[in-house]
**Student:** 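Please read through the structure below; I'll follow up with questions.
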Amino acid sequence: RKEVEQDPGPFNVPEGATVAFNCTYSNSASQSFFWYRQDCRKEPKLLMSVYSSGNEDGRFTAQLNRASQYISLLIRDSKLSDSATYLCVVKIYNFNKFYFGSGTKLNVKP
Amino acid sequence: EPEVTQTPSHQVTQMGQEVILRCVPISNHLYFYWYRQILGQKVEFLVSFYNNEISEKSEIFDDQFSVERPDGSNFTLKIRSTKLEDSAMYFCASSEALQREGYEQYFGPGTRLTVT
């Protein structure tokens, strides 16, 4: 079973739309959670950490559901520049090792 | 804004040759990582490094791979005898000590390794 699973998409949405991605993880000892974005052939860039209480950064909201072992990312008022692949990343407690999902591709259309 | 740098940006080598990929992590960071991403596939963890020793490694990181922090700034990944399947983008990342609830990693721009 994969450590981290994501819907590969693509999600094709118009500008201004709200879009949500989910990511599930298999290891209940997972400690830390992150969303990164990756543009084509570029490095992953940290979008936000996901805190237990949920957190918001401008148009982006991340939630963690430990009982169901998933995290989510909500993007409001999508911009063309949001087009990218969104990567879910999980760190296991007491191990300095990170697991990446395969990513969810978002295309925001004019 | 401080950033992770990597050199070279692209390395072409012949099968069986040794390569060294170089990284300069962010200066006050304590944890260092190497990842690889084969074209069209996901980012895969290779190794983490803290306090001058490997803290974790994946099954990919076999005896052909080694890491070193030869001085106070560089962090290197060596592949002793490259294979065709080592062709990938290699990313270096670094993070500070524990922040709030997690270790936030910052990635370098990557080195594209092509093995012919």
Side-chain angles (χ1 to χ4, degrees), chain A residues 2-10 23-27 29-57 62-64 66 71 84-105, chain B residues 1-6 9-10 23 25-26 29-51 53-61 67 88-112 114:
Chain A
K2 290 181 185 175
E3 290 283 346
V4 181
E5 296 209 53
Q6 295 184 252
D7 180 344
C23 161
T24 57
Y25 58 93
S26 60
N27 192 326
S30 298
Q31 173 193 27
S32 304
F33 310 89
F34 309 89
W35 284 104
Y36 280 76
R37 69 170 278 167
Q38 187 175 30
D39 295 289
C40 190
R41 293 178 178 258
K42 299 283 193 183
E43 74 272 25
K45 287 191 190 293
L46 179 67
L47 185 63
M48 58 200 304
S49 302
V50 186
Y51 303 129
S52 300
S53 53
N55 47 302
E56 187 173 308
D57 183 1
Q63 296 280 350
L64 167 62
R66 284 192 187 271
I71 67 172
T85 297
Y86 289 82
L87 308 176
C88 173
V89 182
V90 172
K91 176 188 176 298
I92 310 299
Y93 178 74
N94 226 25
F95 289 90
N96 194 12
K97 186 174 179 179
F98 293 75
Y99 295 94
F100 279 69
S102 300
T104 297
K105 189 167 172 56
Chain B
E1 184 178 317
E3 56 184 23
V4 177
T5 59
Q6 289 185 243
S9 56
H10 190 191
C23 168
I26 295 172
H29 284 188
L30 301 176
Y31 298 84
F32 314 115
Y33 309 86
W34 283 102
Y35 293 87
R36 80 171 186 192
Q37 187 173 32
I38 295 169
L39 189 62
Q41 297 188 24
K42 68 178 181 180
V43 175
E44 297 175 290
F45 170 84
L46 291 177
V47 66
S48 58
F49 192 86
Y50 169 69
N51 201 26
E53 59 183 27
I54 290 174
S55 44
E56 300 290 340
K57 58 184 180 179
S58 72
E59 49 281 354
I60 302 168
F61 194 88
V67 289
M89 182 73 99
Y90 288 81
F91 293 110
C92 173
S94 68
S95 67
E96 289 184 83
L98 184 66
Q99 291 179 343
R100 293 188 69 177
E101 295 188 16
Y103 297 74
E104 296 174 338
Q105 297 174 84
Y106 295 88
F107 283 75
T111 293
R112 180 164 299 284
T114 302

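Within every chain, numbering begins at 1; the chains are lettered A, B, ... in the order of the sequence lines, protein sequences first and strands thereafter. Since the structure is predicted, the reported quantities are computational estimates derived from the model, not experimental observations.
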**Student:** Of all the heavy-atom pairs spanning A:L46 and B:Y106, show the shortest one and how long it is.
**Tutor:** CD2-OH, 3.7 Å

**Student:** What's the shortest heavy-atom distance between B:Y33 and A:N96, and which atoms?
**Tutor:** OH-OD1, 2.8 Å

**Student:** Can you measure from CZ (A:F100) to NZ (B:K42) and round to the nearest 0.5 angstrom?
**Tutor:** 10.5 Å

**Student:** Do B:Y35 and A:F98 make the cut of ring centroids closer than 6.0 angstrom?
**Tutor:** no

**Student:** Side-chain donor-acceptor pair under 3.5 Å between B:Q37 and A:Q38, yes or no?
**Tutor:** yes

**Student:** If you count every heavy atom of other residues, nucleotides or ligands that lies below 6.0 Å from A:K97 atom NZ, does the total exceed 12?
**Tutor:** yes

**Student:** Between CZ of A:R41 and CZ of B:R112, what distance do you get to the nearest 0.5 Å?
**Tutor:** 5.0 Å

**Student:** Is B:F91 in contact with chain A via its backbone, its side chain, both, or neither, using a 4.5 Å heavy-atom distance?
**Tutor:** side chain

**Student:** Show the nearest heavy-atom pair for residues B:E104 and A:F34, with the distance to one decimal.
**Tutor:** CG-CE2, 3.8 Å

**Student:** At a 4.5 Å cut-off on heavy atoms, which part of A:Y36 comes close to chain B: side chain, backbone, both, or neither?
**Tutor:** side chain

